[in-house]
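Working notes, beginning with the structure itself.
This structure is a prediction, so every number in the text was calculated from the model and none was measured. Count residues from 1 along the sequence. Counting convention: from 1, in listed order, for ligands and their atoms alike.
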Amino acid sequence: MGGRLSIAGLGPGDHALITPEVVQALAEATDVVGYIPYVARVAPREGLTLHPSDNREELSRARAALTLAAAGKRVVVVSSGDPGVFAMASAVFEAMEGRPDWQALDVRVLPGITAMLAAAARAGAPLGHDFCTINLSDNLKPWSLIEMRLRAAIGADMAMAFYNPRSTSRPHTFEQVLQLLRETCEPDRLVLFARAVSTPQERLQCVSLSQATPDMADMRTLVIVGSSTTRRVGRFVYTPRSVAA
Ligand code: SAH
């Protein structure tokens with residue numbers, strides 16, 4: 001077998017939520033590359049070299065993986081959730097730019113269950129109508145762009161799923177997001193805080209916007225803000241499929 005690079009999603013945490021396709025790619029791998037906590041989810045075995053990195057520099061990790069595949073290894077780059085959602089797949093393709101040798105490799109993207117779908121399923125169906133997804137981290141883009149997109153999404157009355165809502169290095173941006181929501185949405189708008197979904201630390205909280213506080217979110221939380229039609233039914237939250245004309 002020649003070299004191969006699979007860019008795989010490990011899902012939100014529970015082993016049962018990893019696709020059989022990803023399980024098979026890991027079983028056939030010679031090398032697994034990724035951020036430390038994600039590589040730690042892969043069971044060690046003979047013949048498998050684990051390459052955990054704490055380096056947040058995704059491009060150099062992608063180049064290292066491509067170099068291994070070009071040398072004939074069967075490499076799996078792991079991300080949590082889905083590899084195409086704020087994760088390693090884009091970094092690998094960016095690393096392939098200007099490198100026809102790497103572009104010719106056997107590269108495939110293996111999807112995973114992304115955090116917002118796992119969170120939505122736990123809560124009911126808050127993403128059942130049109131929605132959008134925004135990464136609230138301002139590591140790779142300016143806050144002004146985040147604010148512009150937030151305002152557009154609120155104006156379009158879509159449900160919104162927020163990744164990376166809050167970190168210790170930027171504790172104030174999520175407060176600004178809540179402030180903006182309070183200025184533009186009704187106070188009883190539903191906000192779902194889904195933390196560590198499908199792990200033993202899972203915690204779900206659904207509150208109205210007027211009760212939402214910044215400390216309800218951390219880096220392991222996925223936040224879903226409903227549209228104006230999102231509502232409760234029993235212990236569930238859902239957004240109806242139809243909107244009146
Ligand atoms: N590729 C990943 C997202 C990486 S960004 C995916 O598709 O899910 C990391 C962010 O994802 C976290 O800050 C958090 O907002 C969200 N996240 C990842 N796993 C989660 C989980 N099990 N529960 C809730 N949110 C999660």
Work out whether the distance between some heavy atom of [X] and some atom of ligand 1 is less than 4.0 Å.
X: Ala194; value: yes
X: Ala196; value: yes
X: Gly13; value: no

Of all the non-hydrogen atoms in the protein, which one sits nearest to [atom], and at what distance?
atom: atom 4 (C) of ligand 1; answer: Phe86 O, 3.7 Å
atom: atom 23 (N) of ligand 1; answer: Val197 N, 2.9 Å
atom: atom 7 (O) of ligand 1; answer: Thr114 OG1, 2.6 Å
atom: atom 2 (C) of ligand 1; answer: Ser80 O, 3.2 Å
atom: atom 13 (O) of ligand 1; answer: Met219 O, 2.6 Å

Examine the proximity of ligand 1 to Glu202 and report which part, side chain or backbone, both or neither, has a heavy atom under 4.0 Å away. neither
Examine the proximity of ligand 1 to Thr199 and report which part, side chain or backbone, both or neither, has a heavy atom under 4.0 Å away. neither
Distance alone, cut at 3.5 Å: any donor-acceptor contact between the side chains of [X] and [Y]?
X: Asp157; Y: Ser228; value: yes
X: Arg61; Y: Ser53; value: yes
X: Thr114; Y: Tyr163; value: yes

For the 3.5 Å polar cut-off, considering only N or O atoms, please tell me whether [X] and ligand 1 meet it.
X: Tyr163; value: no
X: Val85; value: yes
X: Pro12; value: yes
X: Ala115; value: yes
X: Tyr38; value: no
X: Ala87; value: no
X: Ser79; value: no

Which of the atoms of ligand 1 are close to Pro165, meaning less than 4.0 Å from one of its heavy atoms? 15 (O)
What atoms of ligand 1 come within less than 4.0 Å of a heavy atom belonging to Thr221? 14 (C), 15 (O), 25 (N)
So which atom in Asp82 and which in Pro111 form the shortest heavy-atom distance, rounded to 0.1 Å? OD1-CA, 3.3 Å
Judged by heavy atoms only, the candidate from Leu17, Ile113, Asn164, Asp82 nearest atom 10 (C) of ligand 1 is Asn164
Let me know which of Val75, Val77, Val39, Leu68 forms a side chain to side chain contact (heavy atoms under 4.5 Å, CB included) with His51. Leu68
With Arg195 as partner, the option from Thr221, Leu222, Val223 fulfilling side chain to side chain contact (heavy atoms under 4.5 Å, CB included) is Thr221
What's the verdict on side-chain contact (heavy atoms from CB on, under 4.5 Å) for Asp138 and Thr173, showing C-alpha distance, side-chain angles and the deciding distance? CA-CA 9 Å; Asp138 57 4; Thr173 50; 3.8 Å; yes
Salt bridge or not between [X] and [Y]? Use side-chain N to carboxylate O under 4.0 Å.
X: Glu147; Y: Arg151; answer: yes
X: Glu175; Y: Arg166; answer: no
X: Asp218; Y: Arg220; answer: no

To the closest 0.5 Å, what do you measure between CZ (Arg108) and CG (Leu110)? 7.5 Å
Out of curiosity, Phe162 CZ to Leu181 CG, how far, rounded to the nearest 0.5 Å? 5.5 Å
